[in-house]
Amino acid sequence: MPTESHVYHALHIVLRKLYFLPPVMAGAWFGLRGAVYTTSAVTILFSLHAFLDWPGNYMEQANQMGELASFWVVGLVSGWLFDRQRALLAELATANEETLLALVSALDMRAKNSRLHSLRVREIALRLADHLGVTENERKAIGFGALLHEVGKVSIHDSVFTLLKRVGLPELELKEMRSYPEAGYNLLRKIGFLREAAEIVRAHQEHFDGSGYPRGLRGEEIPLGARLLLIADTFEKLITGIGAVQCEEAVRIIREGSGGEFDPGLVDLFTGIGCDELSHVASAKDE
């Protein structure tokens, strides 16, 4: 039985158990290395505590030494498990991205006879996003939105692509083609990590003056990522598509669309980047 107050003894025991908390938290936040550093610090603090309050009871001495060993078991195991979880999540994210890349490459080959269109658009969109200074979550959404901006075209009949490549589209087929942003949104919104990207895909053909599709949004009603993506997509088509133009000419064309098709603020940002940084995407070739 404790010789001091029962309340004081109980409080003392509870506080002593809190030494287990920092190693677990460090393992969760910083992995095995963080758990080792934190457990080392806890060991020093607990050893000082044990030295100042070293009991005469051998059982209590053994209890304190056992707690000290437990700190290392808890710290090392939690750090290793959280590191393993992070590695598995990273592998899963890589597998997801590789699957998406295969999907959009196949779609680009079907629509444009090139598997690099969506990859180039993502590269340009991310450059713009970096210069704009968006958050990491916004950057991820923009990257996925750019990569998947034409995924809705899986719903378009092959005959429409044939007409588009040869003679352009009659009114009925044009209406079907313009349904692809909504179709892409409906595909992606059901996938948790792509919900924000789905909104960008849905709105990436909306124009700043309200003349776009599918909903005729205008100005800041259009998500920022979609306004940025429209510039990136247009630029990529200008410098790599049929009748491709030089970077400087593409920038001039986009500048002329400022306030109409494109967000004026983003156009200013885009034109300020310069062709030395942007035009490298045109050099990428299909393997």
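When reading the values below, keep in mind they use all heavy atoms of this one structure, side chains included, and skip hydrogens, waters and symmetry mates.
Comment: Arg195 does not engage Glu199 in a salt bridge, judged by the lack of any side-chain N to carboxylate O separation of less than 4.0 angstrom. Ion pair Arg86/Asp83 flagged as a salt bridge, since at least one NZ, NE, NH1 or NH2 atom sits closer than 4.0 Å to an Asp/Glu carboxylate oxygen. At a threshold of 4.0 Å, the pair Arg252-Glu256 counts as salt-bridged, since one of the basic side-chain nitrogens sits closer than that to a carboxylate oxygen.
Ring pair Phe30/Tyr37: centre-to-centre distance not below 6.0 Å. Phe270 and Phe262 have their aromatic ring centers separated by at least 6.0 angstrom.
Residues Leu228 and Leu266 come closest through the heavy atom pair N-CD1, 3.6 Å. Counting all heavy atoms, side chain and backbone alike, Ala197 lies closest to Ala141 at CB-O, 3.6 Å. Closest of all the heavy-atom pairs between Gly27 and Phe82 is O-CB, 3.3 Å. Nearest heavy-atom pair across Val42 and Pro22 is CG2-CB, 4.0 Å. Taking both residues in full, the closest heavy atoms of Leu76 and Leu32 are given as O-CD1, 3.6 Å, listed atom of the first, atom of the second, then distance. Closest approach of Leu269 and His131 over heavy atoms only: CD1-CB, 3.8 Å.
Considering CD1 of Ile222 and CD1 of Ile200, their distance stands at 12.5 Å, rounded to 0.5 Å. The structure places SG of Cys247 at 10.5 Å from CD of Glu277, a figure rounded to the nearest 0.5 Å. Once rounded to the nearest 0.5 Å, the distance linking CG of Leu229 with CD of Gln205 reads 8.0 Å. Atom-to-atom distance recorded for Ile124:CD1 and Ile239:CD1 is 5.0 Å, nearest 0.5 angstrom. Taken from CD in Glu221 to CZ in Phe208, the straight-line distance is 10.0 Å, to the nearest 0.5 Å. Between Glu236 atom CD and Leu116 atom CG the span is 8.5 Å, to the nearest 0.5 Å.
A donor-acceptor contact shorter than 3.5 Å links the side chain of Glu206 to the backbone of Arg215. Between the Thr39 side chain and the Val36 main chain, no donor and acceptor come within less than 3.5 Å of each other.
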Are Ile231 and Ile254 close enough, and set up right, to give a side chain to side chain contact (heavy atoms under 4.5 Å, CB included), and what steps lead you there? CA-CA 7 Å; Ile231 294 176; Ile254 290 174; 4.3 Å; yes
Would you please test His204 and Tyr185 for ring pair (Phe, Tyr, Trp, His ring centres under 6.0 Å) and show each step? CA-CA 11 Å; His204 81 278; Tyr185 167 76; over 10 Å; no
Derivation and outcome, ring pair (Phe, Tyr, Trp, His ring centres under 6.0 Å), residues Phe144 and Phe193: CA-CA 10 Å; Phe144 280 126; Phe193 74 98; 5.6 Å; yes
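A 4.5 Å side-chain heavy-atom check between Leu132 and Leu224 finds at least one atom pair inside the cut-off. Side-chain contact between His149 and Ser118 is present, with heavy atoms from C-beta onward closer than 4.5 Å. Annotation: side chain of Thr234 is in contact with side chain of Leu238 (closest heavy-atom distance under 4.5 Å). Taking the side chain as every heavy atom from C-beta outward, Arg189 and Arg202 never approach each other to under 4.5 Å. Within the 4.5 Å cutoff, the side chain of Ser40 has heavy atoms near those of the Trp72 side chain. Looking at His117 and Asp233, their side chains come closer than 4.5 Å, going by heavy atoms from C-beta outward. Looking at Leu230 and His207, their side chains come closer than 4.5 Å, going by heavy atoms from C-beta outward. Taking the side chain as every heavy atom from C-beta outward, Ile253 and Phe235 never approach each other to under 4.5 Å.
Between the side chains of Ser211 and Asp209, at least one donor-acceptor pair of N or O atoms lies under 3.5 Å. Side-chain contact annotation: Thr135 with Glu138, donor-acceptor N/O pair under 3.5 Å present.
The number of heavy atoms from other shown groups lying within 6.0 Å of CD (Glu182) is above 12.
Residues Val24 and Trp80 are members of separate hydrophobic clusters, defined by side-chain heavy-atom contacts under 4.5 angstrom among Ile, Leu, Val, Met, Phe, Trp and Tyr. Val134 and Leu126 sit in two unconnected hydrophobic clusters of ILVMFWY residues. Membership requires side-chain heavy atoms under 4.5 Å apart, directly or through other members.
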